[in-house]
2 protein chains.
Amino acid sequence: MDPRDLLPMGEISSRSGFAASAIRYYEAEGLIEAHRSGGGQRRFERSALRRLAFIRAASNVGLSIDEIREELARLPDNRTPTKADWHRISKHWRARLDEQIAALERLKSGLDSCIGCGCLSLRSCAFSNAGDWAAEQGPGARLLPDSMRKPHPTRRTAG
Amino acid sequence: MDPRDLLPMGEISSRSGFAASAIRYYEAEGLIEAHRSGGGQRRFERSALRRLAFIRAASNVGLSIDEIREELARLPDNRTPTKADWHRISKHWRARLDEQIAALERLKSGLDSCIGCGCLSLRSCAFSNAGDWAAEQGPGARLLPDSMRKPHPTRRTAG
DNA sequence: CCTTGAACTCAAGTTCACTTCAACTTGAAC
DNA sequence: GTTCAAGTTGAAGTGAACTTGAGTTCAAGG
């Protein structure tokens, strides 16, 4: 590996659009790797840029850092994704986006019916009911999937 | 106001589905009001239940506490929403949901085209580009509206 | 050699929407 | 009058995904 091919922090930061602090954070979290110069500064391989692009795409889809780490780890060799990998992964994400879209549509149609009634009833109005609205209807019928609920801090599965 | 008509914390909590701590928080944030018993305990008017229903509906749509406060304050009289208010407001929210749905659709179709190319190019691929992707196209062309971006902690409008 | 900007580390801070805790008081029932 | 669930306060904690700051070192140019 010719050291001449390695890129310093500033280069990676400006080209990827991530702040240096974010990149350091990703390295600490094990999402990317870096070599070190004699004096301890990070030197990145060019492939880190693709990995960062992948990270941005994943986070746009709504994946957490943990999920992104898993997704990257699932790649054989833990390598930067190739075209074939990307094909498979993006199908997976597409489904996730479809689910999010469907959830918002459900919310909207609930809202539509509430325009008519103007009720906001605590009992019957799915829109204002507590967390488990539209249960009963079986799984999949929820208005919002877990991935779209507010990431409430210390909430554990209610007893 | 007959004190007999006022509800204690536990009642409001169980009927609204909010934890007592959440209700206290909302009061501290000025979203709801409460009378006090002689000994300093909260006593709520029945209308607080409707206000809480409104708060839940709003937060399901994705409004922040600040936005909910504003929305409530916009009601003439600062009263609990009537059917007519609800009609107007829910139209507003419907538009917001439509925007979110459209954003996800854009993201998905970007993903579709990326399945073909497998590029994840930092320059041309809208999916992996930094925050200002698809700018140039004018306002409204962004893949994700601000309301759907990750609420990045200490991010101020970049200079 | 000297300067200067880029980079380093580590700890602590930030936002949001609450929750949890500790220590104490109320109030309805018996 | 005693009991005890239910209520009170204020401070501190939570989790995610970084950022900020302080203090120090690196590396490239002149």
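Convention: sequence-line order gives letters A, B, ...; per-chain numbering from 1.
Closest to the side chain of B:Ala19, out of D:dA17, D:dT19, C:dT19, is C:dT19. Here the side chain of B:Arg36 is nearest to one of D:dT8, D:dC18, D:dA17, namely D:dT8. Taking every side-chain heavy atom of B:Ile65 into account, C:dC18 is the closest of C:dC8, C:dC18, D:dT8. Comparing C:dC8, C:dA7, D:dT20 by their closest approach to the side chain of A:Pro8 singles out C:dA7. Side-chain proximity of B:Ala22 to D:dC26, C:dT9, C:dC18: nearest is C:dC18. When the nucleotides C:dG27, C:dC8, D:dT8 are ranked by their closest atom to the side chain of B:Ser37, C:dG27 comes out on top. Comparing atom distances between the A:Met9 side chain and each of C:dA7, D:dT19, C:dT19 picks out C:dA7 as nearest. In this structure, of D:dC18, D:dT8, C:dT19, it is D:dC18 that holds the atom nearest to the side chain of A:Tyr25.
At the heavy-atom level, A:Tyr26 lies under 4.0 Å from the strands shown only through sugar-phosphate atoms. Residue A:Arg24 is in base contact, counting any heavy-atom pair closer than 4.0 Å across all strands shown.
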Expected rows: protein N/O vs nucleotides 22-25 of chain D N/O, under 3.5 Å:
none

Show the distances under 3.5 angstrom between N or O atoms of the protein and N or O atoms of nucleotides 28-30 of chain C.
none

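At a threshold of 4.5 Å between non-hydrogen side-chain atoms, the residues A:Arg46 and A:Arg15 count as touching.
In this structure, A:Ile23 atom CD1 and D:dT19 atom C1' are separated by 14 Å, rounded to whole Å. We find that CG of B:Leu52 is positioned 16 Å from P of C:dA17, with the value rounded to whole Å. Between the C1' atom of C:dC18 and the CZ atom of B:Phe18 lies a distance of 11 Å, rounded to the nearest Å. What separates CZ of B:Arg56 from P of C:dC18 is a distance of 9 Å, to the nearest Å. Following rounding to the nearest Å, A:Asn60 (CG) and D:dA17 (C1') show an atom-to-atom distance of 14 Å.
Along DNA chain C, the nucleotide closest to B:Gly40 and the one closest to B:Ile55 are compared, and the more 5′ of them pairs with B:Ile55.
Contact check on A:Lys108 versus A:Glu105 returns a salt bridge, with a Lys/Arg side-chain nitrogen under 4.0 Å from an Asp/Glu carboxylate oxygen.
In this structure, B:Phe54 and B:Trp93 have tilted ring planes: the angle between them lies in the 30° to 60° band.
Across all strands shown, the partner of C:dC30 is D:dG1, judged by Watson-Crick or G-U wobble contacts whose two distances both fall under 3.5 Å.
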